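In what follows, a single structure is set out as structure tokens and then discussed.
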Amino acid sequence: MISYMQGLDTFNGFVGTVLILLCGLGCALAFAPKRTGVHAAIWGALAADLLVLLMLVAVFRYLSDDSETWHILATQASDFLTGRTEYSVTYVDGKLGYLWIVGGIYAVTGSTPMAPIMLGIVCHLLLVTVIARITALLAPSQPPQAIRRSAYLAAFLPCIVWWTPHILRESLTFMLVATALYGAMRIVSGRGQRAATLAFTCAALATLIWIRGSLGYMVTIGVVLGVLYVRAGRSRYHTAIRSALIGTGIAAFPFVFQVLSESLGLTEDGIAIVTSELSDIAVSGFPGLVNETNLLRILSVTIPRVLAGPFPWELAPNGVMALAFMELVCWLAIGLGAIRARKAFLPNQLLADRRYLIGLIIVVFAVVIVALAITAGNYGILARFRPIATVVIIPLAGIGFSFTRSPSRSRSQSLSWVSGS
């Protein structure tokens with residue numbers, strides 16, 4: 001067993017851990033939208049993360065099984081990077097990136113678990129900033145309520161905070177998905193320097209592919225499709241162009257699926273094996289998943305659970321299902337807030353001129369949901385993966401929770417900011 005406090009008694013371990021946190025906190029505060037209350041949300045997120053970390057250290061004292069596995073692999077990578085061994089570490093394709101990132105940290109700090117844990121906290125702080133920036137793109141030149149509330153949602157949602165102070169990929173994944181979405185939105189809205197925006201968007205997607213292969217490829221496809229869809233919609237011939245894109249997409253789907261099958265192993269049999277194994281090995285497995293079945297049968301089991309599970313009759317008195325239920329509450333709350341936001345983007349409403357960006361969010365969100373449906377087989381996995389989709393729609397939820405109907409206005413002007421002008 002490996003203690004959370006291991007390595008902190010060394011100079012490199014202590015100083016490196018503190019520097020990671022301070023540098024990340026500085027970046028999050030520097031890039032946050034000014035005069036919107038986002039700085040308070042960042043400090044709140046830091047407090048929440050440290051509180052969870054304190055609880056983990058006080059109650060459990062030692063790393064969880066998954067965190068310990070990453071720690072051991074990263075230590076091996078560090079030994080290779082520093083020349084202590086000539087044998088490079090090997091692991092599952094699509095997961096190597098994270099162990100080399102943590103291994104690079106360990107090469108400087110030594111095997112100090114708190115260092116990559118601080119990286120996870122930093123990613124959460126940056127996520128708050130990026131979510132606020134996305135909301136600012138969706139609701140420009142408006143009172144800051146929506147920006148602030150989106151930032152607070154990203155800062156305090158339990159399904160995000162819980163996974164932050166661990167040696168796991170979740171916090172980094174959330175931040176990279178949000179960054180890629182933000183970059184894509186800046187590209188289609190013409191904000192900033194296009195070359196720089198394209199560069200950091202591609203960097204976020206490349207890193208995501210490096211640390212989480214299949215999801216990274218799916219998000220990349222979603223971003224590209226979303227950008228094309230939005231660009232087509234802004235043409236004077238938008239109906240014809242979008243129809244042609246949809247038709248081309250349908251015609252090309254068999255070819256694209258074959259390429260994905262060969263490169264990512266997303267064959268029908270492979271999906272069946274993965275989902276059924278994930279169901280069999282966990283007490284929270286999805287009922288009805290078996291090895292020898294077709295993709296339609298798999299999706300009929302997984303999609304309802306990805307969208308609304310766990311169902312009341314599936315709940316059980318164990319820690320995994322309690323975690324899954326907590327995540328479900330977050331998921332439903334954010335989903336309802338995002339649905340409510342549609343009122344703000346209707347014709348003649350306050351944000352009608354930004355509705356073209358909604359298509360990009362919906363496409364990326366839909367692709368992530370499909371990715372979850374073909375990879376998740378139990379609620380333990382879903383509780384870790386579904387927050388990725390939650391992150392995509394948090395800006396919409398922030399907007400949805402910031403509007404209220406005003407009876408003193410006409411139907412075409414019936415939306416106002418809560419506590420706003």
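Just so you know, these numbers come straight off a predicted model, no measurement behind them.
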For the residue pair Asn318 and Met321, establish whether any side-chain heavy-atom pair is separated by less than 4.5 Å. yes
So, for Gly309 and Tyr379, which heavy atoms are closest and what is the spacing to 0.1 Å? C-CE2, 3.7 Å
Check Val38 against Ala32 and note the closest heavy-atom contact, atom names and distance. CG1-CB, 3.7 Å
Parallel, tilted or perpendicular, as decided by the 30° and 60° cut-offs, for the rings of His166 and Trp163: tilted
Pick out which of Val367, Leu360, Ile362 makes a side-chain contact (heavy atoms from CB on, under 4.5 Å) with Val364. Leu360
Would you indicate whether the side-chain heavy atoms of Ile211 and Lys95 approach each other to under 4.5 Å? no
Quick one: does Ser171's side chain get under 4.5 Å of Leu127's, heavy atoms only? no
What's the separation between atom OH in Tyr4 and atom OH in Tyr62, rounded to the nearest 0.5 Å? 12.0 Å
Correct closest heavy-atom pair for Ile20 and Ala115 would be CD1-O, 3.8 Å
Are Tyr106 and His71 close enough that their ring centres sit under 6.0 Å apart? yes
Is there side-chain contact between Ser111 and Gln6, with at least one heavy-atom pair below 4.5 Å? yes
Aromatic plane relationship, Trp331 with Phe365 - under 30° parallel, 30 to 60° tilted, over 60° perpendicular: parallel
Return yes if a side-chain donor-acceptor contact under 3.5 Å exists between Thr75 and Ser78, otherwise no. no
Are any non-hydrogen side-chain atoms of Met185 and Leu138 less than 4.5 angstrom apart? yes
